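Below is one structure, written out as structure tokens; the observations come after it.
Keep in mind it's a predicted model, so treat the numbers as computed, not measured.
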Amino acid sequence: QTYCDRLVQDAPFLTSHGRLSEQQVDKIILQLNRYYPQILSNEEAEKFRNPKAALRVRLCDLLSHLQRSGERHCQEFYRALFIHAQPLHHRLPSRHALEDSESTELDLAAASYELSDRGPMAFLACLGLATGLALLIYCCPPDPKVLPGTRRVLGFSPVILDRHVSRFLLAFLTDDLGGL
């Protein structure tokens, strides 16, 4: 969405009663005139700052002038609006439309990389369980009751297990299955 399109969308919001004060409009006009005289010449700035005309009429004229002038002029208006009326700038309808479209894109991208929706507590629980098992295996002496037949079962297993881990697991197998 171009800045000119955004300005067309935001013009009714900006020109509604009480959105911009006369001081804010004057500051925006002065910034466009002082820093960017190619955007607003001295004569145009005086015309848009004329206190005899109503604020809404001056603002409508300024916005239509910027729309006719091009993309760069509209972009500088938004920059001046951000500087001098930041709370209003954050409430612009075009900003909400942009944030909504960007947030849905970000949500879709984040969802594709998300491994689990269980959160950090599930991760910490799994990490704690793995650490506890590793400490238990490391601290426990090897079990002499491991049957020779259970070693053959582990030989066919697709998972390669460390010697201490296999002894620990085999001890549980032999106790649960009654010796195979």
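Classification of the Phe82-His89 ring pair by plane angle, with boundaries at 30° and 60°, yields perpendicular.
Each of Leu81, Leu40, Ile39 was checked for a side-chain contact (heavy atoms from CB on, under 4.5 Å) with Glu76, and the lone residue meeting it is Ile39.
If you chain together hydrophobic residues whose side chains sit under 4.5 Å apart, Leu66 and Val8 never meet in one group. Follow the hydrophobic side-chain contacts under 4.5 Å out from Phe77 and you reach Tyr35 in the same cluster.
Counting only heavy atoms from C-beta outward, the side chains of Gln23 and His84 never approach each other to under 4.5 Å. Looking at heavy atoms from C-beta onward, Arg72 lies in side-chain contact with Tyr36 at the 4.5 angstrom threshold.
Side chain of Gln24 to backbone of Ser21: a donor-acceptor contact under 3.5 angstrom is found. Panel note: side chain Asp10, backbone Leu92; no donor-acceptor pair is recorded below 3.5 Å. A donor-acceptor pair under 3.5 Å is absent between the side-chain atoms of Arg49 and the main chain of Ile29, judged by distance alone.
In this structure, OG on Ser41 lies 8.5 Å from CD on Glu46, to the nearest 0.5 angstrom. Note: Arg95 CZ to Tyr78 OH = 10.0 Å, rounded to the nearest 0.5 Å. Between atom CG of residue Asn42 and atom NZ of residue Lys47 there is a gap of 13.5 Å, rounded to the nearest 0.5 Å. Note: Thr15 OG1 to Leu55 CG = 10.0 Å, rounded to the nearest 0.5 Å.
The aromatic ring centres of Phe48 and His65 sit less than 6.0 Å apart.
Glu71 and Tyr3 make their closest contact through OE2-N, 2.6 Å (heavy atoms, listed as atom of the first residue, atom of the second, distance). Across all non-hydrogen atoms, the minimal contact from Gln9 to Ser94 is OE1-CB, 3.7 Å. Across every non-hydrogen atom of Gln31 and Ile83, the tightest pair is NE2-CD1, 3.4 Å.
The number of heavy atoms from other shown groups lying within 6.0 Å of CZ (Arg91) is above 12.
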- request: Begin with the C-alpha distance, continue with both residues' side-chain angles, and end with the deciding distance and a verdict on side chain to side chain contact (heavy atoms under 4.5 Å, CB included) for Glu22 and Arg58.
  value: CA-CA 10 Å; Glu22 191 160 342; Arg58 291 187 287 147; 3.2 Å; yes
